[in-house]
2 protein chains.
Amino acid sequence: MPRAAAIAARRAAFPVIAHAKAKADGLSRLLLAYTSRSIEAGKTFLHEGESATHFFTVMEGTVKLFKLLCDGRRAVTGFLFPGDIFGIGSEDKYNYSAETVTPVNLRRFPRRQLDRLYFNSPGLESQLLKLVSRELTAAQDQIMLLGRMTAHERAASFLLALACRQSRDGGWIELAMSRTDIADYLGLTTETVSRVLNVLKGSGCIVLAGNKVRIADAGALTQLAEGTGSDDD
Amino acid sequence: MPRAAAIAARRAAFPVIAHAKAKADGLSRLLLAYTSRSIEAGKTFLHEGESATHFFTVMEGTVKLFKLLCDGRRAVTGFLFPGDIFGIGSEDKYNYSAETVTPVNLRRFPRRQLDRLYFNSPGLESQLLKLVSRELTAAQDQIMLLGRMTAHERAASFLLALACRQSRDGGWIELAMSRTDIADYLGLTTETVSRVLNVLKGSGCIVLAGNKVRIADAGALTQLAEGTGSDDD
DNA sequence: CGATCCGTTGACGGTACTCAACTACCGTGG
DNA sequence: CCACGGTAGTTGAGTACCGTCAACGGATCG
């Protein structure tokens with residue numbers, strides 16, 4: 001029973017709105033009417049604490065959301081892929097910063113106009129509620145990961161979650177983000193990320209080739225991700 | 001600048017809806033019309049994965065929300081106090097379990113009736129959106145805490161966040177939850193929690209007396225919580 | 001009074017961090 | 001063309017923080 005829950009958790013695991021595009025059709029159509037911006041890689045285009053005037057959808061590329069401690073320590077709270085929406089949530093300030101990982105194409109939507117739209121399209125608000133709820137679920141999964149999983153388990157979970165988002169290219173996953181980004185996402189250091197990935201590679205669970213990964217033994221990886229060796233529950 | 005952000009973060013730090021009662025007045029009034037249940041301490045009254053039929057508000061007592069790994073490892077995602085609302089969020093299954101920490105008095109509200117209510121009270125849905133957003137913010141703060149803070153910093157943050165919720169009794173904070181609960185909340189072990197609290201006590205930051213804590217040196221505790229010793233940023 | 005649970009304290013060990021060196025891969029410019 | 005510098009990733013050695021295991025004290029309860 002908890003096993004099923006764990007699997008479901010991983011499936012929804014991105015702090016991000018898994019397949020938001022499909023689910024938020026009305027919203028997406030809405031966004032299409034608005035300005036599209038191209039941003040080069042490595043630009044912080046949204047700062048924690050700024051007043052939240054817009055929300056965004058990723059058209060192309062990868063974005064990361066993160067928070068900083070005053071001494072520079074960083075936590076990446078999520079990666080965003082095409083179709084994901086962020087900056088929703090009715091706080092008046094953004095509670096994370098956002099930076100482009102790759103060159104990115106974004107559409108942004110002024111929040112100020114939301115109230116008007118709520119009035120016109122009644123389903124919209126509950127769509128947003130659903131999206132934020134999904135983000136919340138993902139964040140809580142991440143809490144489980146950071147609070148109670150080992151480095152190996154974190155890496156395995158991460159790869160499986162990535163695979164769920166990018167199921168194309170014959171199983172090859174593109175690691176668009178740097179090791180530092182992954183480390184800050186998994187609560188580890190770059191060195192540990194590197195080592196752990198190479199252990200997974202060595203054990204035959206994955207194939208590592210530069211920025212690409214392929215999951216070779218999903219079963220073994222899943223077991224790792226759940227911390228279950230060969231024992232039954 | 002990041003310092004201000006960090007402080008704001010701690011202020012909102014409970015994965016919980018800080019002072020939801022005040023903010024969600026319409027909602028609270030609504031809930032008052034519904035059944036109230038008393039539950040003894042230590043009962044799991046809501047299971048992760050169950051279909052989410054109701055949402056709840058805490059009238060009295062303390063509740064914890066948690067998730068389990070299949071091998072029994074646990075992460076407490078939040079503590080709930082009187083006035084807090086949970087089980088909102090429009091997922092069809094609960095994504096955490098809930099257990100009473102103390103004897104608790106709850107009101108519960110059938111979700112099925114929400115749609116009808118949305119129609120009648122237009123502000124309601126955006127109230128919910130705001131509550132879920134706040135939960136999300138809290139969860140992301142917890143991600144920062146779990147991913148990038150030391151045991152001492154986590155404990156200090158925890159105490160400060162608790163103090164923000166319970167500002168009564170002349171500064172005495174009631175630790176209704178066990179060390180195990182705190183450990184699962186902070187991603188530590190009970191032993192470490194115990195040790196760290198006693199270090200804080202020894203350094204004069206706090207006063208520990210059984211289940212009660214008083215913050216003696218809020219400044220020092222805040223510095224600890226932020227990881228800033230005496231260096232400027 | 002024994003049993004159990006919770007919290008504390010101690011000794012020890014391991015996982016992951018720190019520090020450091022080294023490689024590979026860029027793009028730039030001599 | 002290759003030297004050069006900068007960045008990203010890998011690898012190694014040593015360390016530290018925190019987890020594990022174990023024992024103990026105090027409270028509650030039957």
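A, B, ... follow the sequence lines: proteins, then strands. Residue 1 opens every chain. It should be emphasised that the depicted structure is a prediction, and the values quoted were computed from it without experimental measurement.
Residues satisfying the side chain to side chain donor-acceptor pair (under 3.5 Å) test with A/N95, not counting sequence neighbours, are B/T137. Residues meeting the side-chain contact (heavy atoms from CB on, under 4.5 Å) test with B/A176, sequence neighbours left out: B/T62, B/V101, B/T102, B/E174. For B/T192, the side-chain contact (heavy atoms from CB on, under 4.5 Å) criterion is met by B/A151, B/L188, B/T189, B/V196, not counting sequence neighbours. Here A/R179 pairs with nothing under the side chain to side chain donor-acceptor pair (under 3.5 Å) rule; sequence neighbours left out. The side chain to side chain donor-acceptor pair (under 3.5 Å) check on A/N198 picks up nothing, with sequence neighbours excluded. When the side-chain contact (heavy atoms from CB on, under 4.5 Å) test is applied to A/E50, the partners found at least two apart in sequence or on another chain are A/H47, A/Y94. Judged as a salt bridge (charged side-chain N to carboxylate O under 4.0 Å, His left out), and not counting sequence neighbours, A/R195 has no contacts.
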Would you mind writing out the side-chain donor-acceptor pairs for residues 37-46 of chain A within the sub-3.5 Å range, not counting sequence neighbours?
{"unit_1": "A/T44", "atom_1": "OG1", "unit_2": "A/E99", "atom_2": "OE1", "d": "3.2"}

Which protein N or O atoms sit under 3.5 Å from an N or O of nucleotides 6-8 of chain C?
{"unit_1": "C/dG7", "atom_1": "OP1", "unit_2": "B/R179", "atom_2": "N", "d": "3.3"}
{"unit_1": "C/dG7", "atom_1": "OP2", "unit_2": "B/R179", "atom_2": "N", "d": "3.1"}
{"unit_1": "C/dT8", "atom_1": "OP1", "unit_2": "B/R179", "atom_2": "NH2", "d": "3.1"}
{"unit_1": "C/dT8", "atom_1": "OP2", "unit_2": "B/R179", "atom_2": "NE", "d": "2.8"}
{"unit_1": "C/dT8", "atom_1": "OP2", "unit_2": "B/S194", "atom_2": "OG", "d": "2.8"}
{"unit_1": "C/dT8", "atom_1": "O5'", "unit_2": "B/S194", "atom_2": "OG", "d": "3.0"}

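Protein atom CZ of B/R148 is 13 Å distant from nucleotide atom C1' of C/dT18, rounded to whole Å. Atom-to-atom, CE of A/M149 to P of C/dA16 comes out at 13 Å; the value is rounded to the nearest Å. Separating the CG atom of A/L186 from the P atom of C/dA16 is a distance of 12 Å, rounded to the nearest angstrom.
Between its two ends, the helix from C/dC1-D/dG30 to C/dC26-D/dG5 turns its axis by 30°, counting five pairs per end and rounding to 10 degrees.
Backbone-only contact: B/G187 has heavy atoms under 4.0 Å from sugar-phosphate atoms and none from a base.
Inspection of the A/D84 and A/T57 side chains reveals no N or O donor paired with an N or O acceptor under 3.5 Å.
Here salt bridge (Lys or Arg N to Asp or Glu O under 4.0 Å) pairs that include residues 51-61 of chain B, with residues two or more places apart or in two chains, number zero.
Once you apply a 4.0 Å limit to the heavy atoms of chain A, the touched nucleotides of DNA chain D run 5' to 3' over D/dG9 to D/dA13.
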